[in-house]
Amino acid sequence: MLTVDIVKELPDITISAKMSLDMGITVLFGSSGAGKSTIINMLAGLIKPTKGSITLNEQVLFDSERGINLPPERRDVGYIFQDGRLFPHMTVRKNLQYGMKDKGADIDEIVSILGIEGLLDRRPNTLSGGEKQRVAIGRAILSSPKILLMDEPMASLDSARKEELISYIDKIPTLFNIPIVYVSHSLDEVNRLADCVATVKDGAVVSLESN
Amino acid sequence: MNLFELTAAEWQAIRLSLLVGVTAVVCTLPFGLFFGWLLARKEFFGKNLLNTLLHLPMVVPPVVTGYLLLLLFGNSGFFGKILSNLGIPIAFTWRGAALASAVVSFPLMVRSIRIAMELVDVGLESAARTLGASRLKVFFTITVPLAFPGIVAGVVMAFARSLGEFGSTITFVSNIPGETRTLPLALYSQLQVPGGEMAAARLAVVSLIIAFGAMFASEYLARKRKI
């Protein structure tokens, strides 16, 4: 359960989000520049809200009044970026293990679910866009997050790859019991993935509906 | 005496130069990494001033740097007295030569490290943080490895500058055989005595070989790390 009530005052726009999210996939839906990425960056701890609070399963991640602001590494949040952001100097295997608390733990299950068995000893720069994103998803899940944040993870993929990745993402909440907050401006992705749609307009979450 | 046979005194100067250069670089590297990172990643009040101060030894005449070191670290200088009482005399010792080299070569190291770290994608560092890595872990597992070629280049440039250091060394710790007479000082001394031309030529050749070797090794390391 994620409870959010935050405001970020920027020079040109004020971003605000007030919502409560449960299991499943919540799509933050809105046009580019509406403030969707700013909102999930605040959830991840990469941007500090001006005021408000964020609570994840009873743990306070941010509370301006109580002066709490956990750094990203202590939020148990997994983040899939638009551009993958795999570490170029490490093999796929090292990337996957980077966030693991127990480095000896088994990665085979996740690796086979994501279909990346054959890539483990390769470097990220030899992977296709879709493969990169599957590795990024595996890396985030292996860091045992309580929630996954995805910022338009399919923006740079062609439609065949999108189709493929969607089927993987769709399985995550049930397989790993991790809720997802998914940023998108594509109606198609909303229809395919969303259990819940939070519409963002001019910097504010204006509605929250189950899909 | 020919061009390829080094005398004991010349070997001494070579060993001393290597000792001084390695000491200077090893001691300044942690500071170089810290200030390189600070300048590349942080915005703070007085950043411009700090940047200017760090780069100052690059433009100040080396003799002036040597003179200031003498004032501060000489036997009657503020730091000199303290260190002397601790049993670590600086003035007129090889340590002083290493200090002079370190001060003069530091800007080259910081500059190179700073530029290399600026080129490391901040997004990769954020990604590492979301995977549970502390700032320190991010620094050592992401920033430093990705900036590695630039760090090596900075180290090599600082080392080469140390080997060539002349003005501040001779001003600060004088030209004592076996203690502070490094390669360039030995070469200079040979040119001051009649018949020293061949010895000077030998030392020049050795300097060239060391400089070439350092540059070659750094290129090799940087290439090997290339992704």
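Per chain, numbering begins at 1; letters A, B, ... match sequence-line order.
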Peer 1: Got a sec: does the NE2 of A/His185 have more than 12 other heavy atoms crowding it under 6.0 Å?
Peer 2: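 Counting other residues, nucleotides and ligands, NE2 of A/His185 stays at 12 neighbours or fewer.
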
Peer 1: So for atom NZ, which belongs to B/Lys137, do other residues, nucleotides or ligands contribute more than 12 heavy atoms lying within a distance under 6.0 Å?
Peer 2: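 Yes - once you tally the heavy atoms of other residues, nucleotides and ligands closer than 6.0 Å, there are more than 12.
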
Peer 1: So, the side chain of A/Arg85 versus the backbone of B/Ala127: is there a donor-acceptor pair under 3.5 Å, distance only?
Peer 2: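 Absent.
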
Peer 1: Tell me whether A/Glu65 at atom CD has more than 12 heavy atoms from other residues, nucleotides or ligands lying less than 6.0 Å away.
Peer 2: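 No.
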
Peer 1: B/Thr130 vs A/Val77, test: side chain to side chain contact (heavy atoms under 4.5 Å, CB included). Steps then yes/no.
Peer 2: CA-CA 6 Å; B/Thr130 67; A/Val77 157; 5.5 Å; no

Peer 1: Given the rule in the side chain to side chain contact (heavy atoms under 4.5 Å, CB included) test, do B/Asp121 and A/Phe87 qualify, once you have shown the distances and angles that lead to the verdict?
Peer 2: CA-CA 10 Å; B/Asp121 183 0; A/Phe87 305 130; over 6 Å; no

Peer 1: Determine whether the side chains of A/Tyr79 and B/Ser126 contain a donor N or O and an acceptor N or O closer than 3.5 Å.
Peer 2: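 Checked: A/Tyr79/B/Ser126 side chains show no N/O donor-acceptor pair below 3.5 Å.
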
Peer 1: I'd like to know which of A/Pro72, A/Pro71, A/Pro124, A/Ala136 tops the heavy-atom pair count under 4.5 Å against chain B.
Peer 2: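 Counting heavy-atom pairs under 4.5 Å, the top option is A/Pro72.
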
Peer 1: Of all the heavy-atom pairs spanning B/Ile142 and A/Tyr98, show the shortest one and how long it is.
Peer 2: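 Shortest heavy-atom separation between B/Ile142 and A/Tyr98 comes out as CG1-OH, 3.7 Å.
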
Peer 1: Does atom CE of A/Met19 have more than 12 heavy-atom neighbours, drawn from other residues, nucleotides or ligands, at distances under 6.0 Å?
Peer 2: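 Counting other residues, nucleotides and ligands, CE of A/Met19 exceeds 12 neighbours.
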
Peer 1: Crowded around B/Phe212 CZ? As in, over 12 foreign heavy atoms under 6.0 Å?
Peer 2: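 Count not over threshold, so no.
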
Peer 1: Heavy-atom count check: over 12 atoms from other residues, nucleotides or ligands less than 6.0 Å from A/Phe176 CZ?
Peer 2: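 Counting other residues, nucleotides and ligands, CZ of A/Phe176 exceeds 12 neighbours.
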
Peer 1: Tell me, for A/Met100 versus chain B, whether the close heavy atoms (under 4.5 Å) come from the side chain, the backbone, both or neither.
Peer 2: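 For A/Met100, neither part sits under 4.5 Å from chain B.
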
Peer 1: Can you give me the closest heavy-atom contact between B/Leu131 and A/Ala140, atom names plus distance?
Peer 2: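 Heavy atoms of B/Leu131 and A/Ala140 come nearest at CD2-CA, 4.0 Å.
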
Peer 1: Quick one: closest heavy-atom pair of A/Leu86 and B/Leu124, and the distance?
Peer 2: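 The pair with the smallest heavy-atom distance is O-CD2, 3.4 Å.
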
Peer 1: Taking atom OH of A/Tyr168 as the centre, does the number of heavy atoms from other residues, nucleotides or ligands within less than 6.0 Å exceed 12?
Peer 2: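 Yes.
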
Peer 1: If you compare all heavy atoms of B/Ser134 against all heavy atoms of A/Glu73, which two are closest, and at what distance to 0.1 Å?
Peer 2: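 The pair with the smallest heavy-atom distance is CA-OE2, 3.6 Å.
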
Peer 1: Compare every heavy atom of A/His89 with every heavy atom of B/Thr141, then report the nearest pair and how far apart it is.
Peer 2: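 That closest heavy-atom pairing would be O-NE2, 2.8 Å.
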
Peer 1: Take atom CZ in B/Arg135; do more than 12 heavy atoms of anything else shown fall under 6.0 Å from it?
Peer 2: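 No, CZ of B/Arg135 has 12 or fewer neighbouring heavy atoms, counting only those of other groups under 6.0 Å.
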
Peer 1: Tell me, out of A/Leu142, A/Leu46, A/Asn41, who's got the most heavy-atom pairs with chain B below 4.5 Å.
Peer 2: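 Looking at each of A/Leu142, A/Leu46, A/Asn41 in turn, A/Leu46 comes out on top.
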
